[in-house]
Novice: 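Please read through the structure below; I'll follow up with questions.
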Amino acid sequence: MSDAPFRPFDTALDQGAALSVLQEATQGADDGELFLERRRAEALVFDDGRLKNASYDASEGFGLRAVRGEVTGYAHSTELSEASLRRAAQTARLAVGAGGGTLADAPQATNTRLYTDEDPIAGASFPVKVDTLRDIDAFARDLDPRVVQVSATIAASLQEVEILRPDGTHLRDVRPMTRVNVSVIVEQNGRRESGSAGGGGRVGLDGLIAPADWQAKTREALRVAVVNLDAEPAPAGVMDVVLGPGWPGILLHEAIGHGLEGDFNRKGSSAFAGLMGQRIAAPGVTVLDDGTIPDRRGSISFDDEGTPSGKNVLIEDGILVGYMQDRQNARLMGVKPTGNGRRESYAHAPMPRMTNTYMLGGDATPGDIVADLKDGIYAVGFGGGQVDITNGKFVFSCTEAYRVQNGKVGAPVKGATLIGDGATALKQIRALGNDMALDPGMGNCGKQGQWVPVGVGQPTVMIGGLTVGGSAT
C-alpha cells in the first residue's frame with residue numbers, strides 16, 4: 001500500500017458516480033453518507049532486553065450508510081470500486097424501504113485543524129525507534145538495581161478519512177496518533193511489583209522519543225513499582241475516598257460518561273434517562289465532553305459523520321444539561337448533534353461516543369482535601385474496571401493508593417478496589433481541587449465491540465461513602 005496521501009476519488013472512484021450511487025441509496029432516507037478510510041499503524045515492543053515484536057498494518061475500505069427512522073442500513077467493503085459501491089448501496093437501501101423520510105441538512109463545514117497531518121510513522125526511522133527502546137531498557141536498569149524486567153512500546157498510526165454526503169458535501173481529515181509506554185518490574189526480598197507510565201496524542205513522534213520525555217515516563221513507572229514494594233493489604237469497608245487528578249478521571253468516563261451518551265438515554269437504559277434539567281450531582285460539579293482540545297488523544301476536527309467536534313457541557317453545577325449525540329439519535333430526540341458520532345473504522349456504523357471527558361476543578365487545594373480525609377483511601381492510579389451502564393455500578397482496581405487516617409497519608413496499599421455506582425457517587429462529591437488535569441494520553445474506550453481513542457480528566461476529588469474492596473484479613 002502506497003504512502004502517498006489517500007485520495008480515493010483520484011485513484012479508485014469517480015466522485016460523480018459515487019455521489020450518484022449514494023443519492024440512490026439514500027433516496028427517501030433521513031440520513032446517510034459514504035465514509036472512506038485508510039489506516040496505517042506501526043508498533044514496536046521491546047521486552048526483556050530484546051525487540052520482541054515489530055508490526056505494521058494497513059487497511060482501507062468504505063462504509064455506506066442509509067438511515068430511516070431508527071433503522072440503519074450499513075454495508076462496507078475493502079474493495080474501492082464502483083461495482084462494490086453499488087452492491088453496498090443495494091444492501092444499505094433495504095433500511096429505507098418505501099422511503100418517506102426527509103434528508104437531514106448536512107453538517108456545517110469547519111476549517112478548524114486540531115492536530116498535525118504529518119505521518120507519524122515516517123517521523124523517525126525504524127533503527128532510531130529500536131535504539132530508543134533499547135535506551136529506555138538500559139536507562140531503567142541503570143536507575144535501580146532492583147529492576148528485573150522492562151517492557152517499552154512505541155506506537156504510531158495515521159487514519160485518513162473522507163466523507164461524502166448525499167448533498168455533495170465532501171470532507172477530508174488526516175488523524176495522527178502516537179504513544180510511548182514503559183513498564184517495569186522490580187524485585188526486593190523475593191517480592192515483585194510492577195509499575196507503568198506512558199502517553200501520547202495526536203502529535204508526531206519527535207517529542208515522545210526525545211530523551212527528556214521517555215526518561216520522565218521511565219522514572220514514573222519505576223516510582224510506582226517501588227511504591228508498591230512497600231504496599232500493605234488494603235482495608236475493606238465503606239469509607240471516604242480521595243481520587244487524584246488526571247488519569248483517575250477514567251472512573252468518571254466509565255461510571256458516568258457512558259450513561260450520558262444519547263442513545264442509552266433515548267432508549268431509557270441509562271441510569272440518567274429522563275433526568276434532563278434535574279440535579280444529578282453535588283453543587284459545583286461540572287462535567288464536559290470536549291473534542292476540540294488541540295493534539296489530545298480524544299480530539300477530532302469533525303466526527304465520523306462530518307459534524308464539527310464540540311465543547312459540550314453535560315453537567316453544570318450539578319444539573320444535567322446535555323447528552324452526547326450523533327446525527328441519528330439527535331434527530332430522534334429532537335436536539336442538535338454534538339459532534340460525538342464516532343466509529344472504529346469504515347467497517348462500523350457511527351454511534352454516540354465520548355471524546356475527551358472531564359470534570360472542572362474547584363477552589364480547594366489538594367493538600368486540604370487530603371487533610372480532611374479522616375479514615376479512607378487516597379487513590380492516584382487506576383487499572384481496569386467494569387461498569388454496568390443500566391445502573392452505573394462500577395468496580396475499579398487501584399494501581400497506586402494510600403491509606404489515610406486523620407488527614408495523614410500513610411502506607412501504600414495493595415489490592416484496593418473501588419465499588420459504587422455513578423449516580424450515587426456524583427451526589428456524594430464533597431470537595432473539588434484546583435488542580436484539574438487531563439490524562440497523559442492513553443485511553444481507549446469500548447462500546448458494542450467498537451474501540452476509539454479517548455481522553456479523560458478531573459481535579460483531586462473527595463467522594464464520600466464508597467465501598468472499598470480490600471485484601472486485608
Novice: Determine whether R342 and P453 make a side-chain contact, defined as any pair of heavy atoms from C-beta on separated by less than 4.5 Å.
Specialist: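 Sidechains of P453 and R342: in contact.
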
Novice: Any salt bridge linking E79 with R86? Criterion: basic side-chain nitrogen under 4.0 Å from a carboxylate oxygen.
Specialist: no

Novice: Identify whether the distance between the nearest side-chain nitrogen and carboxylate oxygen of R223 and E220 falls below 4.0 Å.
Specialist: yes

Novice: Determine whether T424 and Q428 make a side-chain contact, defined as any pair of heavy atoms from C-beta on separated by less than 4.5 Å.
Specialist: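 With C-beta onward as the side chain, the pair touches.
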
Novice: Are R353 and Q450 packed together at the side-chain level, in the sense that at least one heavy-atom pair is separated by less than 4.5 angstrom?
Specialist: yes

Novice: Can you pull the salt bridge (charged side-chain N to carboxylate O under 4.0 Å, His left out) pairs that have at least one residue in residues 264-273, sequence neighbours excluded?
Specialist: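 Only E70-R266 qualify under salt bridge (charged side-chain N to carboxylate O under 4.0 Å, His left out).
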
Novice: So, are D421 and K393 salt-bridged, with charged N and O less than 4.0 Å apart?
Specialist: no

Novice: Does a salt bridge link R40 with D119, judged by any charged N lying under 4.0 Å from a carboxylate O?
Specialist: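 Here R40 pairs with D119 in a salt bridge, since their nearest N and O are under 4.0 Å apart.
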
Novice: Compute the centroid of each ring, for H348 and then for H76, and state whether the two points are separated by less than 6.0 Å.
Specialist: no

Novice: Run the salt-bridge test on K52 and D48 with the 4.0 Å N-O cut-off and return the result as yes or no.
Specialist: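 A salt bridge is absent here (no side-chain N lies under 4.0 Å from a carboxylate O).
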
Novice: Tell me yes or no: between the side chains of D173 and Y115, is some donor less than 3.5 Å from an acceptor?
Specialist: yes

Novice: Cut-off 3.5 Å, side chains only: do T153 and N181 have a donor facing an acceptor?
Specialist: no

Novice: Within a strict 4.5 Å, meaning less than it, do heavy atoms of the D290 and N312 side chains meet?
Specialist: no

Novice: List for me each residue that meets ring-ring contact (aromatic ring centres under 6.0 Å, His included) alongside F264, sequence neighbours excluded, and say none if there are none.
Specialist: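 Partners of F264 under the ring-ring contact (aromatic ring centres under 6.0 Å, His included) test: none.
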
Novice: Taking 4.0 angstrom as the limit, do D105 and R331 come out as a salt bridge?
Specialist: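 So D105 does not pair with R331 through a salt bridge.
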
Novice: Judged by modelled atom types alone, do S84 and S77 share a side-chain donor-acceptor pair under 3.5 Å?
Specialist: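 Judged by distance alone, the side chains do pair up.
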
Novice: Tell me if the CG atom of N391 is crowded by more than 12 foreign heavy atoms within 6.0 Å.
Specialist: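 Atom CG in N391 is crowded, with more than 12 foreign heavy atoms closer than 6.0 Å.
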
Novice: Indicate yes or no: at least one non-hydrogen side-chain atom of K447 is less than 4.5 angstrom from one of M351.
Specialist: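 Yes, their side chains come closer than 4.5 Å.
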
Novice: So among L36, V161, T78, which one has a side chain to side chain contact (heavy atoms under 4.5 Å, CB included) with Y346?
Specialist: T78

Novice: In the structure I gave you, are the side-chain heavy atoms of K129 and L205 within less than 4.5 Å of one another anywhere?
Specialist: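 K129 vs L205: side chains touch.
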
Novice: Quick check: H170 with F9 (ring centres under 6.0 Å apart)?
Specialist: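 Here the rings of H170 and F9 have centres that are less than 6.0 Å from each other.
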
Novice: Side chains of L426 and I315: closer than 4.5 Å at any heavy-atom pair?
Specialist: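 With C-beta onward as the side chain, the pair touches.
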
Novice: Are R175 and D304 ion-paired here, with the side-chain N under 4.0 Å from a carboxylate O?
Specialist: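 Salt bridge between R175 and D304, a charged N being under 4.0 Å from a carboxylate O: yes.
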
Novice: Are the charged groups of R165 and E305 less than 4.0 angstrom apart, N to O?
Specialist: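 Looking at R165 and E305, the cut-off is not met.
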
